[in-house]
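So you know, we letter chains A, B, ... as the sequences are listed, proteins then strands, and number each from 1.
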Protein chains: 2
Amino acid sequence: MKLGTKGRYAVMSMVDIACHDDKEAVSLNDIATRTEISLPYLEQLFMKLRKSGLVTSVRGPGGGYKLARPSNNIRISDILLAVDVQIHTTRCEPNSAMGCRINHGRCLTHDLWDAMGRQMALFLNSVTLEDVVQGRLIEKSMHHVKKEEQENILKVVS
Amino acid sequence: MKLGTKGRYAVMSMVDIACHDDKEAVSLNDIATRTEISLPYLEQLFMKLRKSGLVTSVRGPGGGYKLARPSNNIRISDILLAVDVQIHTTRCEPNSAMGCRINHGRCLTHDLWDAMGRQMALFLNSVTLEDVVQGRLIEKSMHHVKKEEQENILKVVS
DNA sequence: TCAATAGTTGACTATTTTACTCGGATATTG
DNA sequence: CAATATCCGAGTAAAATAGTCAACTATTGA
Ligand code: FES
Ligand code: FES
């Protein structure tokens with residue numbers, strides 16, 4: 001269960017733009033050198049980000065990309081959704097009535113994975129680009145965790 | 001970002017055994033027919049579950065596997081860890097000091113992914129096999145979610 | 001004791017997904 | 001018109017996942 005480069009690079013790039021929020025467009029070339037992501041790959045990603053209305057583009061010399069909305073109005077989930085990174089914890093299709101073929105259409109573990117997926121989505125919905133740039137993340141997760149659990153958590157997240 | 005068959009099948013099988021908790025060992029053949037998972041694949045998984053001390057085995061006719069501990073003492077994270085399914089949200093190695101090479105060793109998005117990984121781990125640590133069998137999951141997630149967000153969450157979890 | 005059952009083990013292959021590249025087109029600036 | 005930078009479709013390479021196979025060992029019961 002891991003996050004791939006697609007979602008990772010998309011968020012990294014958006015953070016990069018949010019930092020250079022000088023009303024000047026940021027070129028992919030600049031982002032590529034700063035983040036060490038290949039230019040063609042970035043082009044592919046920004047195509048989707050633009051089509052989803054998260055960024056606006058300026059062509060020609062001095063051009064690049066700008067955030068389409070203020071950074072406190074762009075959620076991490078918006079970015080991931082734009083580049084087709086979804087949380088896929090359950091196996092059954094959301095439409096089709098029957099899933100894992102056991103226990104009359106819904107397997108016993110369905111609710112477990114569904115709950116986990118929602119948990120993740122809830123988190124990604126609650127964090128905005130601005131939160132990331134300003135480092136407001138500790139407050140959004142992990143309040144009072146027992147010392148005993150801390151150890152186990154570190155094993156799970158690897 | 002999806003859950004593969006390895007972790008899914010491991011948990012499904014463990015739930016299956018927990019249901020038939022008649023002090024009788026459950027054979028992989030029975031699990032295979034009920035869950036429609038191939039026998040050789042199950043063998044591979046139960047090797048790891050046994051070596052991690054989650055199940056005990058009984059060889060010969062009438063044999064099979066039993067839970068090594070009561071189901072309320074087996075967490076979902078224990079099962080996933082046993083079959084080498086880890087949460088891998090950050091890109092940087094946990095040991096090595098430098099990660100994504102930007103912002104002096106820790107990239108701006110590191111804390112974001114780290115927080116998300118911990119969020120997931122916390123959830124998986126809080127749910128036991130017994131919880132799944134008895135359907136105690138709604139209480140563990142999603143308390144008061146705005147109607148507006150509900151819609152978006154469904155898009156993200158797909 | 002012998003045959004059937006069922007776990008034990010390591011290695012191996014197929015499939016799918018992910019990551020990334022390439023070539024060329026179009027628009028804008030100076 | 002030349003340089004810059006976004007646009008766009010397709011195509012390939014690498015990696016991870018999923019699943020298979022053959023052979024072995026222990027146990028039970030007829
Ligand atoms: S995951 Fe939905 S029915 Fe099994
Ligand atoms: S994810 Fe850890 S430094 Fe980028």
Side-chain angles (χ1 to χ4, degrees), chain A residues 1-13 17 24-33 35-68 80 82-88 91 100 158, chain B residues 1-13 17 20 24-68 80 83-89 91 100 158:
Chain A
M1 189 120 218
K2 74 174 194 190
L3 178 75
T5 60
K6 210 166 45 172
R8 161 165 291 121
Y9 290 170
V11 174
M12 280 177 79
S13 307
I17 294 179
E24 294 268 313
V26 179
S27 80
L28 291 190
N29 239 315
D30 289 355
I31 298 177
T33 48
T35 60
E36 298 185 350
I37 304 168
S38 88
L39 181 61
Y41 199 24
L42 278 175
E43 286 174 342
Q44 209 183 71
L45 296 175
F46 273 81
M47 196 60 40
K48 293 180 174 178
L49 291 171
R50 187 178 57 84
K51 283 180 178 163
S52 297
L54 295 181
V55 294
T56 55
S57 63
V58 180
R59 295 173 78 139
Y65 291 93
K66 283 192 274 191
L67 297 185
L80 295 178
V83 294
D84 307 313
V85 172
Q86 282 133 327
I87 307 294
H88 214 305
R91 186 169 62 168
C100 294
S158 99
Chain B
M1 190 118 216
K2 75 174 196 191
L3 178 74
T5 59
K6 211 166 44 171
R8 160 165 291 122
Y9 290 170
V11 174
M12 281 177 79
S13 306
I17 295 180
H20 299 78
E24 294 270 311
V26 180
S27 79
L28 290 190
N29 238 316
D30 289 355
I31 298 177
T33 49
R34 275 194 293 267
T35 59
E36 296 186 350
I37 304 169
S38 86
L39 182 60
Y41 199 22
L42 279 176
E43 285 173 343
Q44 208 182 74
L45 296 176
F46 272 81
M47 197 57 42
K48 292 180 174 178
L49 292 171
R50 187 177 58 84
K51 282 180 179 166
S52 296
L54 295 180
V55 293
T56 55
S57 63
V58 180
R59 296 173 81 141
Y65 291 92
K66 283 191 273 189
L67 297 185
L80 295 178
V83 294
D84 307 313
V85 172
Q86 281 132 328
I87 307 295
H88 214 305
T89 46
R91 187 169 61 169
C100 295
S158 99

Counterpart residues, side chain to side chain contact (heavy atoms under 4.5 Å, CB included), relative to Ile17(A) (two or more places apart): Val26(A), Ile31(A), Phe46(A), Tyr65(A), Leu67(A)
By salt bridge (charged side-chain N to carboxylate O under 4.0 Å, His left out) - contacts of Asp30(A) (at least two apart): none
Length of the CG-P vector between Leu42(B) and dG19(D), whole Å: 11 Å
Atom pair OG1 (Thr35(A)) and CZ (Arg8(A)), whose distance is rounded to the nearest 0.5 Å: 12.5 Å
Whole-Å distance separating the NE2 atom of His88(B) from the P atom of dA15(D): 15 Å
For Lys6(A) against Leu45(A), the heavy-atom pair lying closest together: CG-CD2, 3.5 Å
Outermost DNA chain C nucleotides near chain A [under 4.0 Å, heavy atoms]: dA19(C) to dT29(C)
Detail all sub-3.5 Å separations between protein N/O atoms and N/O atoms belonging to nucleotides 2-9 of chain D.
from	atom 1	to	atom 2	distance (Å)
dT6(D)	OP1	Leu28(A)	N	2.8
dT6(D)	O2	Arg59(A)	NH2	3.3
dC7(D)	OP1	Arg50(A)	NE	3.1
dC7(D)	OP1	Ser57(A)	OG	2.4
dC7(D)	OP2	Arg50(A)	NE	3.3
dC7(D)	OP2	Tyr65(A)	OH	2.3
dC7(D)	N4	Glu43(A)	OE1	3.4
dC7(D)	N4	Glu43(A)	OE2	3.3
dC8(D)	OP2	Arg50(A)	NH2	2.7

Approximate separation, where rounding is to 0.5 Å, of Lys66(B) NZ and His20(B) NE2: 15.5 Å
Phosphate OP1/OP2 of dT20(D): any Ser38(B) side-chain N/O under 4.0 Å: yes
Pair listing, side-chain hydrogen bond (donor to acceptor under 3.5 Å, both in side chains) test, anchored in residues 40-59 of chain B, at least two apart: Thr5(B)-Tyr41(B), Lys48(B)-Asp84(B)
Rounded distance (Å) that lies between atom P of dA18(D) and atom CE of Met1(A): 12 Å
side-chain N/O Thr5(B) vs dT17(D) OP1/OP2, d < 4.0 Å: no
Interatomic distance, Glu36(B) CD vs dG19(D) C1' [rounded to whole Å]: 16 Å
Residues in side chain to side chain contact (heavy atoms under 4.5 Å, CB included) contact with Ala32(A), at least two apart in sequence or another chain: Leu42(A)
